[in-house]
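Reminder, nothing fancy here: chain letters follow the sequence lines and each chain counts from 1. Note that the structure is predicted; figures quoted are calculated from it, not measured.
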Number of protein chains: 2
Amino acid sequence: MGRPRIKDVAEYAGVSAKTVSNVLNDYEHVSEQTRTAVREAIDALGYRVNIAGRQLRRGRTGVIALAVPELDIAYFAELAKHVMAETERRGSTTLLLETGGRRERELAAVHGFDAQFTDGVILSPLALQPRDLAGRDTRLPLVLLGECNPPGSADHVAIDNVTAAREATEHLLARGRRRIAVVGGDLRGPQNTSRLRTVGYQEALSAAGLPVPEELVLPVPAFRWADGAAAARTLMRLPQRPDALLCLNDHLALGAVRALHEDGWSVPGDVEVVGFDDIEATRFSIPTITTVAPDKPGIARRAVELLLDRIDAGGPGGPAVDETAGHRLIVRESSGG
Amino acid sequence: MGRPRIKDVAEYAGVSAKTVSNVLNDYEHVSEQTRTAVREAIDALGYRVNIAGRQLRRGRTGVIALAVPELDIAYFAELAKHVMAETERRGSTTLLLETGGRRERELAAVHGFDAQFTDGVILSPLALQPRDLAGRDTRLPLVLLGECNPPGSADHVAIDNVTAAREATEHLLARGRRRIAVVGGDLRGPQNTSRLRTVGYQEALSAAGLPVPEELVLPVPAFRWADGAAAARTLMRLPQRPDALLCLNDHLALGAVRALHEDGWSVPGDVEVVGFDDIEATRFSIPTITTVAPDKPGIARRAVELLLDRIDAGGPGGPAVDETAGHRLIVRESSGG
DNA sequence: GCCGCCATTTACATCGATGTAATCCTATGG
DNA sequence: CCATAGGATTACATCGATGTAAATGGCGGC
């Protein structure tokens with residue numbers, strides 16, 4: 001025998017299918033007696049609602065998607081934990097997708113097949129272009145995390161990246177460092193996270209009356225350990241080597257520290273290192289890593305809140321919201337803490 | 001206007017709804033002309049099938065669940081990457097769930113609400129009891145990763161944990177270590193991963209004619225950095241301190257290394273350390289960590305294959321399969337590599 | 001010129017749950 | 001004792017896609 005349907009429960013309890021449905025949905029006008037009988041029937045048959053049927057009728061799935069570039073970048077894994085906890089707390093389920101930072105996969109999360117399963121999407125974009133969101137189907141609510149070009153095209157939650165990078169740079173300056181490199185920095189690309197943080201770095205240098213040496217702003221192909229290691233080696237081979245590295249995420253910082261160690265440089269003695277994200281590894285690495293800690297629970301909570309509000313509102317709702325989450329610099333051994 | 005339905009496409013193309021459905025499902029007896037007309041209508045209206053309707057009719061979702069203990073344990077994030085890549089390659093979608101290693105959440109993945117969305121579940125259990133799978137609804141295919149008590153209760157993919165732990169221990173013995181502790185070890189608990197690896201450890205010691213000092217087998221509350229650090233401190237305070245730590249995952253190893261460093265012990269000089277899982281961090285930490293590398297792509301591929309085969313088969317299918325995935329010891333700095 | 005075959009297309013019922021609106025029923029007031 | 005309010009329950013249609021079986025139509029063969 002297949003799974004019991006609502007009709008089977010109804011027959012067992014001697015009521016109509018709709019009454020069972022009413023019990024399931026906590027409709028108020030159901031007598032205590034009927035309610036009990038139905039509950040017993042449900043238990044006896046081991047009935048559970050069929051999501052497909054419900055979704056078809058209601059037009060909602062109760063599932064939201066969270067699309068991040070890479071799960072094995074710890075920041076995204078930690079963020080995903082918080083988002084999942086928050087959606088669960090609010091009675092929804094999270095469908096976690098990995099985009100690999102590839103534009104076509106980011107688009108798919110918003111427009112494509114996977115979007116079918118969901119009532120809304122939280123996307124942490126890397127490659128998305130401004131025009132990609134232009135013709136967007138506004139029936140599917142979207143919240144963007146981190147940076148993206150077109151402000152106002154969708155709800156958006158991020159830390160103040162310019163300020164965060166400025167503060168991190170000021171910290172290094174205050175410690176007497178003068179040749180500070182940016183690993184993963186970018187002066188010319190789109191208005192993304194790298195760009196904004198590099199701007200904050202420039203601001204700090206300028207405010208201190210220092211020039212911004214272009215050769216110290218080094219883009220990387222990806223934000224992983226190996227990229228940080230390679231970048232550190234490149235930078236240390238410059239005629240005038242840096243005395244500090246501002247790494248735009250913690251994996252780059254950890255990779256850089258490893259490469260410096262292999263090549264005989266001491267951290268923080270010869271070179272100080274700062275990262276971004278405050279992943280768990282930075283509290284246990286040798287040395288521990290100074291890092292900009294974004295308020296991950298706050299980002300997750302706010303993103304889920306915004307998304308569920310849009311979903312509940314139904315229509316396109318009000319204008320896009322821009323939210324700034326908190327951050328703080330945590331000084332650890334890699335910059336003398 | 002809402003989203004276009006199959007009926008809208010049918011009207012636009014001047015055919016019946018069923019013909020559109022036939023085109024969508026690549027039914028062979030559709031004239032080239034009609035097929036083209038329908039395709040054009042689909043493009044013109046921006047139609048995409050409604051998953052709920054299809055699922056209701058077909059009884060399949062095209063989604064499989066992958067339930068792991070913690071996403072921020074890098075091993076599970078890396079494994080999830082492989083599983084997601086594999087399911088995508090085979091035309092399915094993965095719903096990633098986090099159980100926190102809690103029994104009720106593991107049960108929910110197999111029996112509960114989330115299982116509703118899926119055609120089958122891949123579960124990496126921590127707390128599941130033998131009896132939990134006894135009354136299982138066999139209509140939902142299940143593949144277990146890692147260890148679980150009742151062999152034969154579901155398909156199962158794992159490395160040979162006993163052998164792997166024995167080899168790791170033999171490596172430490174061969175390097176002259178004699179007081180080898182097991183961080184996360186367990187001699188009395190259920191037949192889980194910890195237990196099996198501890199057995200392998202015992203085998204190696206016994207084969208070398210050494211006693212198995214019970215105080216060196218130290219269970220941990222969780223398999224995270226902090227637990228490794230705490231365990232290392234406990235062990236180093238013993239009257240007869242260990243000269244090597246076999247840590248049952250890499251996070252424990254990394255945490256232990258950090259604690260040893262803080263307390264002034266050198267690794268590998270005073271204490272050698274070995275981990276399990278070969279997470280990316282072990283290739284970049286200071287020192288790099290010797291570790292048992294399971295064949296993660298192989299595990300993922302085989303698990304997905306087994307699950308999709310069961311799903312395609314429909315019924316309960318044949319008896320449960322036990323698959324052993326490969327592993328190898330990678331020697332790095334933490335044990336003198 | 002009629003028949004039957006086969007490729008193509010369609011009408012209709014169906015999957016399971018729920019919104020709508022109608023019906024039934026009981027208690028209360030006049 | 002009837003009217004009526006409103007709580008409790010139900011019949012029916014519906015969400016969107018697809019399986020079934022039947023209808024349509026073109027073509028070759030006798």
From [atom1] of [X] over to [atom2] of [N], roughly how many Å is that when rounded to an integer?
X: A/Q33; N: C/dT26; atom1: CD; atom2: P; answer: 12 Å
X: B/N25; N: C/dT9; atom1: CG; atom2: P; answer: 15 Å
X: A/R58; N: C/dT20; atom1: CZ; atom2: C1'; answer: 16 Å

Would you say [X]'s side chain and [Y]'s backbone share a donor-acceptor pair under 3.5 angstrom?
X: A/N25; Y: A/Y27; value: no
X: A/D8; Y: A/P4; value: no
X: B/H156; Y: B/G146; value: yes
X: A/R54; Y: A/R60; value: no

Could you tell me whether [X] contacts a base, only the sugar-phosphate backbone, or nothing, with contacts defined as non-hydrogen atoms closer than 4.0 Å?
X: A/Y27; value: base
X: B/V49; value: sugar-phosphate
X: B/V15; value: sugar-phosphate

Query raised in the report: Is it true that the side chains of B/T87 and B/T94 contain a donor and an acceptor less than 3.5 Å apart?
Result: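 B/T87 vs B/T94: donor-acceptor pair found between side chains.
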Query raised in the report: In terms of the nearest nucleotide of DNA chain C, which residue is placed more toward the 5' end: A/L24 or B/T19?
Result: B/T19
Query raised in the report: On DNA chain C, nearest-nucleotide positions of B/V30 versus A/G53: which is more 5'?
Result: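 By nearest-heavy-atom nucleotide position, the 5'-most residue is B/V30.
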**Report entry** Opening and closing nucleotides of DNA chain D in contact with chain A, under 4.0 Å to non-hydrogen atoms
**Finding:**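 Nucleotide range in contact with chain A: D/dG7 to D/dG16.
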Query - Given B/R224, B/R102, B/R105, the one that forms salt bridge (charged side-chain N to carboxylate O under 4.0 Å, His left out) with B/E70 - result: B/R224
Query raised in the report: Can you check whether B/S31 has a side-chain N or O nearer than 4.0 Å to OP1 or OP2 of C/dT9?
Result: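 So the side chain of B/S31 is within the cut-off, an N or O lying under 4.0 Å from OP1 or OP2 of C/dT9.
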